[in-house]
Protein chains: 2
Amino acid sequence: MVKPQPKTATIECRHAGSISCVKPLHQQLTRFLAQADALCLQRKQRFTALRKQVLSLICQSPQPLGAYALLDLMKESGRSAAPPTVYRALDFLQQQGFVHRLASNNTYLACAHPQQQHEAVFLVCKQCGFTQELHTDGIYKAVGARAEKAGFKLEHASVEVSGLCAGCQQKTGVSQ
Amino acid sequence: MVKPQPKTATIECRHAGSISCVKPLHQQLTRFLAQADALCLQRKQRFTALRKQVLSLICQSPQPLGAYALLDLMKESGRSAAPPTVYRALDFLQQQGFVHRLASNNTYLACAHPQQQHEAVFLVCKQCGFTQELHTDGIYKAVGARAEKAGFKLEHASVEVSGLCAGCQQKTGVSQ
DNA sequence: TAATGTAATGTTATAATGTAACATTATTTG
DNA sequence: CAAATAATGTTACATTATAACATTACATTA
């Protein structure tokens, strides 16, 4: 996938912490890494160079990255790496809530709100790959209520939406 | 508890067609296949022996099946098959809306309501693999509204919930 | 600080999932 | 029937992910 350059997210919200969801994450890289560092310290987890590099690469990418794309980037930057290395780092980063995995296309992206537990909705543009993370209580409440009604104990819910982002609609939608 | 439905003893929900969402699909196999057959005829699509076998196997499984599990079942039943064969059949069945694919665990399951276009919510038990397909307008309306607000043109939404089904909660949850 | 235990990473090999490309067979249509 | 199209067979390979074990880094404490 992926050719045209993505637009940036334009979602307004007010979360704790120093990361803004309005500004693209790669423009706040230092801040994002510092926050991860602080959270690890607080949680007595080790934010090693490897983990930091992986998070940094994901953070700098305009689109979510696959594990092997990540591996290639690591090699380019001089660090030899094999699949288990990157998968382990990804596991850690997911556990800490710093990245999410998109099951619909096997990619990973930085989480805009690593401070708190949350569930998110992802809007994945099938044209350019740009992915927005939305936080919406309403949807998860509805899912939770529906699950409970079915006697099901919800542990994790994943909502992934495929379609066209605003930018790509303009580019491809005019002819129709 | 299921509300008593008006008329036709075998149909216990309000959907068009002859398939009940209350009764397990494998207990209505013949009917399910007949319906798929009828829909294909109507749509001028070919419901070949291969496609029928794949749908039948999926339908008979209590849990969603992976493509390679399906392949094994086909081999057991005497038909030699290679991956592209089963993937092509799955593609067709998905296009016709007879099966869904679960991205969260790369499996396929029969659709309880192949008659109409719909979006579904899947409750996947991480213990036993049993998966329920729910239809809930509310959730999809909420997702759609949220996407629209973000200027995103929704084409497909996938909602997959992981947790414990009622049965497995009893088995594993007693100590708590 | 040396000894020890644990966590993290390196390394090799392989499993699991999915597709490209082209050959062959079956079905439909002129 | 011939020709076109659709479906399936077949080979090879791409992509995604993990198992198993070796090594290194870090932390603890005697």
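So you know, we letter chains A, B, ... as the sequences are listed, proteins then strands, and number each from 1. When reading the values below, keep in mind they use all heavy atoms of this one structure, side chains included, and skip hydrogens, waters and symmetry mates.
In a base pair of the Watson-Crick type (N1 to N3 plus N6-O4 or O6-N4) or a G-U wobble (N1-O2 and O6-N3), with each distance short of 3.5 Å, dA30(D) is matched with dT1(C). Both distances falling under 3.5 Å, in either a Watson-Crick or a G-U wobble arrangement, place dA23(C) opposite dT8(D).
Atom CG in L102(A) sits about 17 Å away from atom C1' in dA17(D), given to the nearest Å. Between the CD atom of Q96(B) and the C1' atom of dA6(D) there is a distance of 14 Å, given to the nearest Å. Note: CG (L70(A)) to C1' (dA17(D)) measures 14 Å, nearest angstrom. R51(B) places its CZ atom 14 Å from the C1' atom of dG9(D), with the value rounded to the nearest Å. Look at CG on D91(A): it is 13 Å from C1' on dA8(C), rounded to the nearest Å. If you measure from atom CZ of R46(A) to atom P of dT28(D), you get 10 Å, rounded to the nearest angstrom. For Y68(B) and dT15(D), the OH to C1' distance is 11 Å, given to the nearest whole Å. In this structure, L90(A) places its CG atom 9 Å from P of dA17(D), rounding to the nearest Å.
Residue T85(B) is in base contact, counting any heavy-atom pair closer than 4.0 Å across all strands shown.
Contact annotation: side chain of R88(A) to base of dG10(C), donor-acceptor pair present below 3.5 Å. Under 3.5 Å, the side chain of Y87(B) and the base of dA20(C) form no donor-acceptor pair of N or O atoms.
Residues A36(A) and F47(A) approach most closely at CB-CZ, 3.8 Å, considering heavy atoms.
Contact annotation: R79(A) side-chain N/O to dT9(C) OP1/OP2 distance is not under 4.0 Å. At least one side-chain nitrogen or oxygen of S80(A) sits closer than 4.0 Å to the OP1 or OP2 atom of dT11(C). Contact annotation: N106(A) side-chain N/O to dA17(D) OP1/OP2 distance is under 4.0 Å. Within the structure, every side-chain polar atom (N or O) of T48(A) is placed at least 4.0 Å from both OP1 and OP2 of dA25(D).
Comparing dA17(D), dT12(C), dT9(C) against the side chain of P84(A) picks out dT12(C) as the nearest.
Residues satisfying the ring-ring contact (aromatic ring centres under 6.0 Å, His included) test with F92(B), not counting sequence neighbours, are none.
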After noting the C-alpha distance and the side-chain angles of I58(B) and F98(B), does the key distance pass the side-chain contact (heavy atoms from CB on, under 4.5 Å) rule? CA-CA 10 Å; I58(B) 289 176; F98(B) 301 157; over 6 Å; no
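Positionally, the nearest nucleotide of DNA chain C for L50(A) lies more toward the 5' end than for the other of R101(B) and L50(A).
For Q96(A) (side chain) and C40(A) (main-chain N/O), no donor-acceptor pair under 3.5 Å exists by modelled atom type.
Listed by first and then second residue, the salt bridge (charged side-chain N to carboxylate O under 4.0 Å, His left out) pairs that reach into residues 43-61 of chain A come to none, sequence neighbours excluded.
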